[in-house]
Amino acid sequence: MKKMLVCNQKMFLTHDEAIILEDEMRNVDLTSVNLIVCPSYLNLDVFKNYNLGAQDAFYEDKGAFTGKVSAYDLSLVGVKYVIVGHSEIRGNDTDDIINKKVKAILRNSMTPILCVGETKIDRELRRTSEVIKRQLKLGLKDVILENSQEVVIAYEPCWAIGSGKHPDETSLEDAVLYIKNILKQINISNYKIIYGGSIGKYTTELLSNKLVDGYLIGSSSVVLDEFKMIIKCIK
Ligand code: PGA
């Protein structure tokens, strides 16, 4: 099965820059990966010919929620995946809110990409397993998947995001096996597990890992050379 490559473009691109990148991406051979592009809300339309993802979604369908964009609305403009619980947002969202978002994403026939991972302090205090367990159990509380539905779990250690650091292969595999074990305990059997955190052209060691189903890339998703190199390494 092709590896999933989720491009989290964060707030890196203006509308004009997104148009330029989309144009350049047309010349890249993407057939070897299952590419999902998560632009800013304003740039969703620019990437409409790709598998579209959003970077977050609100759980209510409609109403007086200033500044929010609902999962419902996103599903109507062709979004298929939504990142939820990203560490750059987790500070504002409790596990309960993340759980509501996961359910809203599934209710609107999209796939949640649930980010989990420990902070630097958690890691130093050897609390990685405890944190991952809590984030998975609360984030997926009472989630029952229908046959065609799946969840994507992105293991993203916070200390690895945007830092140029990443776990060694053994710690990554330990985390993936642990996540599988927790998902089994909570009866989630339709899932993919991907890794995110400082994947770039200088940190390609993890790109041939057999246990992960793909990668979530941030800053290197908007730098064409890095993006191309990542695709080449995944091949
Ligand atoms: P990074 O971001 O690849 O720039 O570290 C990954 C992420 O935030 O998901």
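It should be emphasised that the depicted structure is a prediction, and the values quoted were computed from it without experimental measurement. Heads up: numbering here begins at 1 and tracks the sequence. One-based numbering, in listed order, for ligands and for the atoms of each.
Nearest protein heavy-atom neighbour of atom 3 (O) of ligand 1: Gly218 N, 2.9 Å. In this structure, atom 8 (O) of ligand 1 lies nearest to the protein heavy atom Lys10 NZ, 2.6 Å. For atom 4 (O) of ligand 1, the closest non-hydrogen atom of the protein is Ser219 N, 3.0 Å.
Its side chain within the 4.5 Å cluster rule, Tyr81 clusters with Met4, Val6, Ile36, Ile83, Ile113, Val152, Ile194, Leu216 among the Ile, Leu, Val, Met, Phe, Trp and Tyr residues.
When all heavy atoms are compared, the tightest approach of Lys165 to Ser198 is O-CB, 3.3 Å.
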Exercise. Stepwise, does the side-chain contact (heavy atoms from CB on, under 4.5 Å) test hold for Ile199 with Tyr195?
Worked result: CA-CA 9 Å; Ile199 292 282; Tyr195 168 79; 3.8 Å; yes
For this session: In sequence, state the C-alpha distance, the side-chain angles, and the governing distance for Asn8 and His86, and then conclude on side-chain contact (heavy atoms from CB on, under 4.5 Å).
Result: CA-CA 10 Å; Asn8 179 9; His86 190 282; 3.7 Å; yes
Exercise. Do Asp96 and Thr94 pass the side chain to side chain donor-acceptor pair (under 3.5 Å) test, and can you show the C-alpha distance, the side-chain angles, and the key distance before you say yes or no?
Worked result: CA-CA 5 Å; Asp96 180 48; Thr94 59; 4.9 Å; no
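At under 3.5 Å, not a single nitrogen or oxygen of Ile217, backbone or side chain, sits near a nitrogen or oxygen of ligand 1. Looking at Gly162 next to ligand 1, an N or O pair under 3.5 Å apart turns up. The shortest N/O to N/O separation between His86 and ligand 1 falls below 3.5 Å. Considering both main-chain and side-chain atoms, Ser198 comes within under 3.5 Å of ligand 1 through a nitrogen or oxygen pair.
Of the charged side-chain nitrogens involved, at least one lies within less than 4.0 Å of a carboxylate oxygen, so that Glu124 and Lys120 count as a salt-bridged pair.
Ligand 1 lies within reach of Gly197, whose nearest heavy atom is under 4.0 Å from it.
Looking at Glu156, His166, Gln55, Glu88 and measuring to atom 9 (O) of ligand 1, the nearest heavy atom belongs to Glu156.
Both Phe227 and Ile234 belong to a common hydrophobic cluster when Ile, Leu, Val, Met, Phe, Trp and Tyr are linked at side-chain heavy-atom distances under 4.5 angstrom.
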